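Notes follow once the structure below has been shown.
Everything quoted here is computed from the prediction, not taken from an experiment. Letters A, B, ... are given to chains in the order of the sequence lines, protein chains preceding strands, and every chain is numbered from 1.
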Amino acid sequence: MTDWLSPEEWTAVRLSLKVALVATSASLLPGIAMAYALERGRFWGRQALDVLVHLPLVLPPVVVGYALLLGFGRRGPMGSLLAEQFGVVLSFRWTGAALACAIMGFPLLVRAIRLSLETVDRKLEDAAGTLGAHPAWVFFVVTLPLILPGIIAGMVLSFAKAMGEFGATITFVSNIPGETQTIPSAIYTFTQVPGGEGGALRLAFVSVAISIAALWMSEWMARRVRRRFLA
Amino acid sequence: MTDWLSPEEWTAVRLSLKVALVATSASLLPGIAMAYALERGRFWGRQALDVLVHLPLVLPPVVVGYALLLGFGRRGPMGSLLAEQFGVVLSFRWTGAALACAIMGFPLLVRAIRLSLETVDRKLEDAAGTLGAHPAWVFFVVTLPLILPGIIAGMVLSFAKAMGEFGATITFVSNIPGETQTIPSAIYTFTQVPGGEGGALRLAFVSVAISIAALWMSEWMARRVRRRFLA
Amino acid sequence: QARDVVVFAAASLKNALDDAAAAWSRESGRKAVISYAGSNVLAKQIEAGAPADVFFSADLDWMKYAISRNLIRPGTRLDLLGNDLVLIAPKGSAVQVSLRPDLDLASVLAGGRLAMGHVDAVPAGKYGKAGLEKLGAWNGIKDRIAQTENVRAALLLVSHGEAPLGIVYKTDAVSEPNVRIVGIFPEGTHPPIVYPVAITQDSMHPDAAPLLEFLRSAKARPFFEKQGFKVLNTADSGS
Amino acid sequence: MDGTARQTEVPRLMILDVDLRHRQGAFTLDARFQSEGRLTALFGPSGSGKTTLVNAIGGLLRPTQGRICVKERVLVDTRQGIFVPKHRRRIGYVFQEARLFPHLNVRQNLHFGRWFTPKRERVADFHAVTELLGIAHLLDRWPSTLSGGEKQRVAIGRALLSDPQLLLMDEPLASLDEERKAEIYPYIDRLRDEGDVPMVLVSHSVPEIARLATSIVVLNDGRVTASGLASDILRHPRFFPQAGLVEAGALVEARVLRHEEAYGLTVLQAAAGTLTVSRLNLPVGAPVRMRLRARDIILSLAPPEGISALNVLPGTVVAIEEVEGSGVDVTLACGSDSIVASVTRKSMERLGIKVGLPVQAIVKSVAFDRDALGTVHAKNM
Amino acid sequence: MDGTARQTEVPRLMILDVDLRHRQGAFTLDARFQSEGRLTALFGPSGSGKTTLVNAIGGLLRPTQGRICVKERVLVDTRQGIFVPKHRRRIGYVFQEARLFPHLNVRQNLHFGRWFTPKRERVADFHAVTELLGIAHLLDRWPSTLSGGEKQRVAIGRALLSDPQLLLMDEPLASLDEERKAEIYPYIDRLRDEGDVPMVLVSHSVPEIARLATSIVVLNDGRVTASGLASDILRHPRFFPQAGLVEAGALVEARVLRHEEAYGLTVLQAAAGTLTVSRLNLPVGAPVRMRLRARDIILSLAPPEGISALNVLPGTVVAIEEVEGSGVDVTLACGSDSIVASVTRKSMERLGIKVGLPVQAIVKSVAFDRDALGTVHAKNM
Ligand SMILES: Nc1ncnc2c1ncn2[C@@H]1O[C@H](COP(=O)(O)OP(=O)(O)OP(=O)(O)O)[C@@H](O)[C@H]1O
Ligand SMILES: Nc1ncnc2c1ncn2[C@@H]1O[C@H](COP(=O)(O)OP(=O)(O)OP(=O)(O)O)[C@@H](O)[C@H]1O
Ligand SMILES: [Mg+2]
Ligand SMILES: [Mg+2]
């Protein structure tokens, strides 16, 4: 089993998993906040924010990668700020790959949560309010549990996207084995040389297997959530 | 205004619009059907189908393009069938680009519709049944209107994705100006040559502008739908 | 030194460079980490401060780009490898073309398309366009070209019969059993195909120079030649 | 209509024939009853399985086991594997919660059932129904902007307008005011008697059931504890424990004898004697049904004099039954009618009431249960 | 408790002081009333704006214009820009539809309000409330598996357990059976009188209002058409047109005089005389309140003999009013109480009833409206 993939490929698999998990979990809170703001907020610039969130979907991944490179690279404004103030370096690190994946999956995450948020019965939130719950509590005790299916769906999409994301990642953090070489990057490398198809296929297979596992887990969670209150 | 983009770039813009529109509208019905089957169906192989739908998200776009080439290329089983039986040729045609975009956006479309479908109150469908509506009618007169927000959201995602899709498209139908060169392909070209940033930026801008228009239209539609029944 | 030396190399070099780097590791006990991507991406990344010690480009343009932005340590650039450009057809194809001036490819294509790398963006595409222009065939077929994101995709189109003809590197063609080399573009029909390698300006890695030295040594030569590259510039031949 | 043929048939036709078992969670519905009534009331405490039973009839749930026939048509028979899907049952179901379609406005909601009704069977009059229910001014509104009672009325209208062959109503009038109910009751009467649409009505209101029901099924914890003709079940508090003592009474049928226009009164002829009530808008000779509540009747040893009550029915004590608390139920035979009076034990002892004693039953004319003063149409008699 | 201080204060304290205008669609609510009653009943036909009004008090909508004070606390004053958000109003709201949280089980739903109640103010007894409402066996169930009435009971429990300072109840008992209601009423009584929790109750049921309300506000098409003390409003059908003639009556307050254990009876002393009723589980001297329905009273010129009715109150006719239809309302002064009897014009003429005539009012002991036999606690007297 282990010799079925080379150690380097195993590294890529582990890294991909790590990147996808970190990307998904790190974008969760901002995703919920963003979805809430876009769906419920009535502030100036909401529409612009909406467009911004969708950009990674609309633009070719390479462009997003370039933008990240310019913004979060060592010499970019955000990159240097982060490095100087917080000692966080993203460029050419796996954290950068996670950022790229998070950003590429963000519109999917936000959309799914918004869609759930739309269908939340505001009357239940009102009811919670009359029972003494401060709006913040209402959000945590009523709204959040009710949008759980959307959150799960969004996380699945974001995770799957992270497992497959390539263009932005390779452009932003390159393809450094052990640091930034994720499964898609490794697959890409294989497709660039003669005789690489086998390796590409093997890795694609692993990627699909991981995603199946993630899908099943999410379906299981969603069913648990739903069984309860839509029985 | 017109000289702001070269004629060739205008062609790419027009083509991208056409491809995105066709991809989105052509995947609409299969998307609804698939979402319905996955959400409500209890058939053998449902899980496998679910995984299949998610594949384009999980796999690097290039791999998807490669798979399309194998399946829908001139010599591929589907490709030759389509060509012989229906005279439909996809390879090197804009129709192939539309297929690639449709497939890449399919998981997003299906997910959004499923998420809406999940929240449809089955009791309303029951009520329609007691009023004499055959299950098929129930679907069209009750279920479908109720999942409209999900359908709109799914179409926006699918359209945006189609505007940005590049890897699968160029691999499957390559980059033929006037036939398969979409905005992302053109942008890609610019990024590949030293000093091409300006052109890439111009095209990216157009792409974003189109997507903003699409977003606004969708929000407008969604608001109309929602105003009615969630007032 | 905790960190291994980092090489940014064009993706098409993977097989050869992996083997050569492994050999170097065995010999020196050091390790090289190689990041493969498009030359353009790599150049831009180095510009953005990537931790690359060695840049191995697939064409001259992006090396020149890097040099012009002071990203390369002066005097370290070396045009290490060369390649040939070939016209290919699917294995079963019977086409006969001789790559001479007044070439008429349009009739050979017979409605099909010529697959090649993007003529502005992909090195193999640029070379191919130059070659076709030189042979007088460009104007006749410039609307019949299927441009691909990279040269491998062009190979793919031909090997799967989507395109009756394609222009790729010899290195790609020889290793693909499903294609047949129809002809080799004569020298002089296109700018020389060169793979330059250099140490980056910011690199302070002590292994960078030894690695480069190894790559140009006779010990590395077989790995490159095995993949079909021409080694232009070895330590023995000098430069 | 083809009245003559029906008149003899109807009484023999079993309208509802239910025998089913169904489990949901810890609750088991185990209901067996037959009803020949054209309006069968389901009565029972909250959680006793009324909605579950109605759902089974409506085809919303597949009983674990059993058989359901409506007007001799087998809708469910688990043994034979018969299960008619809900959209083929031609049932109008007024749900306990309104269940309006949120994406359709009121007019579209009302029309919904029509879309699926064969043209020649569309008889319900849209205009009449919306006027009756007081929803004509709401037609262009969205359900989300309706008040609770408005929603419920639209739901009733939607069911009526689908021209069902069986009407299931789960507490349809619970959130309506008395005035509105009083307007709807006669319509339900007509539907029941003329329209040939049998009904199943879930209600917690005894006056309502007395007013409308021809048969009653009492459910308790998933089991049928009593079922039969409304007149039988209502007569006695024992069959109807939920109603409490105060609601026991007798159903009496009568005909309009004459009108006393000067006083705005109508005199009715029952088997027990004549009864004077507020002016009824019915022709002389028309049949009516009233409920004489046991607690509304005062017994007197001699015909009383100088009192305001206009109705005094002579009768004979035929039974005395102790009931819980301080009272006894005294059953009188008045002509061929039987009437129940509820008096205290103290009064009974004081007056020396015993079986066989001739007594006078005093009922105030306006003390009739107005709700129970239903019109009974010819076919029912 | 600190009874003495309150006793004098309470009557002066305005519990509800509402003056608001609110538009929604074509409907305008324009309500102005004050209520010093500890239980204010909102009464009116469907769509008259009851829920809208309750929502405004509960803080679920921001009235276009107006002022709402509860127990002298300003909740809304659009002029001064005051709008206390709903979560700071300490209000328990039982919604017209149950609105249970679908993602929480019954126990969690019931506890919900507690999470946000300061610890020392948590006085409602979880055990007692769930027992009272008969939902103790449902604690681990999900709302989606509850029957309609069960949902409603959980919703009531949830509001009660949040220890509110004002309880808003929008038709809370509409889908409950009589038995269950009869169990809940005394609890509401206690809450109203002991717990110092004023209530606003929307109800279509006149007996229910008579049983529970201390004040009544009648709404019609968004406007207040009558408001005042329950005893005043209920006494006269004119104030209460929706109730119809049959429900008019007088509220009489009395004290327990003695118990006749042998007969299971209790004798009450009212200003009008003594009244005999079924055994009440109250100590001698305890105050009670009864409703004597106008239609339940028979007038007699002489003290009747040989009849089963135990209660005969002597009085004098003080007013005669024509009402619609065949009847007249005869108001009697019986001691310091005033009683209304509804008789037919025919009877009136026959007996020669006129103002100043001494008559006897006959009421059967069991003919008291059981629902209206509410306990009135000391603070109320
Ligand atoms: N969102 C809205 N838009 C327009 N009209 C509305 C809206 N909500 C309620 N209404 C109207 O306001 C009026 C009052 O509604 P409300 O819910 O207060 O009535 P209600 O007295 O509670 O009636 P019910 O007894 O039927 O519950 C109704 O006529 C209703 O149609
Ligand atoms: N999905 C379910 N799972 C478990 N138990 C259920 C489910 N649905 C209903 N029940 C239980 O079945 C019993 C009967 O429910 P049903 O809705 O038929 O009562 P009902 O007689 O209509 O009561 P109500 O008058 O309160 O509406 C109740 O005890 C309820 O808790
Ligand atoms: Mg029910
Ligand atoms: Mg209401």
Side-chain angles (χ1 to χ4, degrees), chain D residues 24-25 44-47 51 96-97 141 145 147-150 153 171 174-180 182 204 206 242-246 260 263-265 276 278-279 295-296 298-302 304 306-310 325-327 341-348 351 362 364-367 370, chain E residues 24-25 44-47 51 96-97 141 145 147-150 153 171 174-180 182 204 206 242-246 260 263-265 276 278-279 295-296 298-302 304 306-310 325-327 341-348 351 362 364-367 370:
Chain D
Q24 53 188 10
S46 166
T51 300
Q96 196 165 5
E97 357 76 68
R141 293 261 290 273
T145 70
S147 81
E150 286 166 349
R153 284 180 276 155
E171 301 190 36
S175 60
L176 295 187
D177 48 295
E178 297 296 333
E179 252 180 328
R180 183 59 66 189
H204 287 300
V206 179
Q242 290 86 355
L245 183 63
V246 292
E260 297 190 0
Y263 293 118
L265 298 174
T276 307
S278 286
R279 178 72 165 88
R295 71 164 198 184
D296 281 342
I298 297 176
L299 297 182
S300 173
L301 296 180
I307 67 164
S308 62
L310 292 176
S326 57
S342 158
V343 303
T344 57
R345 243 177 321 115
K346 185 175 179 183
S347 300
M348 185 187 77
L351 300 183
I362 306 173
K364 280 192 73 177
S365 62
V366 286
R370 256 197 3 180
Chain E
Q24 52 189 6
S46 166
T51 301
Q96 197 165 7
E97 358 76 69
R141 293 261 291 274
T145 70
S147 81
E150 288 166 348
R153 285 179 276 156
E171 301 189 37
S175 61
L176 296 186
D177 48 294
E178 298 296 333
E179 250 180 329
R180 183 60 65 190
H204 287 299
V206 179
Q242 291 85 355
L245 183 62
V246 292
E260 296 193 359
Y263 293 119
L265 297 174
T276 308
S278 288
R279 177 72 164 87
R295 71 166 200 185
D296 281 341
I298 296 176
L299 297 182
S300 172
L301 295 179
I307 68 164
S308 64
L310 292 176
S326 57
S342 157
V343 302
T344 57
R345 245 181 315 119
K346 183 175 180 181
S347 300
M348 186 187 75
L351 300 184
I362 307 173
K364 280 192 73 176
S365 62
V366 286
R370 255 195 5 177

- Item | Minimum heavy-atom distance E/Arg153-D/Ser46, with the two atoms named |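 Shortest heavy-atom contact: NH2-OG, 2.6 Å.
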- Item | Non-hydrogen atoms of E/Gln96 and D/Ser175 that approach each other most closely |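 In this case the closest contact between E/Gln96 and D/Ser175 is NE2-CB, 4.4 Å.
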- How far apart are the C-alpha atoms of E/Lys346 and D/Leu265, what are their side-chain angles, what is the distance that settles it, and do they pass the side chain to side chain contact (heavy atoms under 4.5 Å, CB included) test? CA-CA 9 Å; E/Lys346 183 175 180 181; D/Leu265 298 174; 3.6 Å; yes
- Query: Where on D/Glu260 is there a heavy atom nearer than 4.5 Å to chain E: the side chain, the backbone, both, or neither?
  - Reply: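 Looking at D/Glu260, just its side chain touches chain E.
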- So which part of D/Glu171 gets closer than 4.5 Å to some heavy atom of chain E, the side chain, the backbone, both or neither?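 The answer is the side chain of D/Glu171.
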- Hey, does D/Asp177 have a side-chain heavy atom less than 4.5 Å from the side chain of E/Pro45?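 The answer is yes, as the side chains (C-beta and beyond) meet within the 4.5 Å cut-off.
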- Query: Quick one: side chain to side chain contact (heavy atoms under 4.5 Å, CB included) partners of E/Ser300, sequence neighbours excluded?
  - Reply: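 If we apply the side chain to side chain contact (heavy atoms under 4.5 Å, CB included) test to E/Ser300, skipping adjacent residues, the hits are D/Ile307, E/Pro304, E/Gln360, E/Ile362.
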- Item | Spacing of D/Thr145 atom OG1 and E/Gln24 atom CD [to the nearest 0.5 Å] |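 Answer rounded to 0.5 Å: 8.5 Å.
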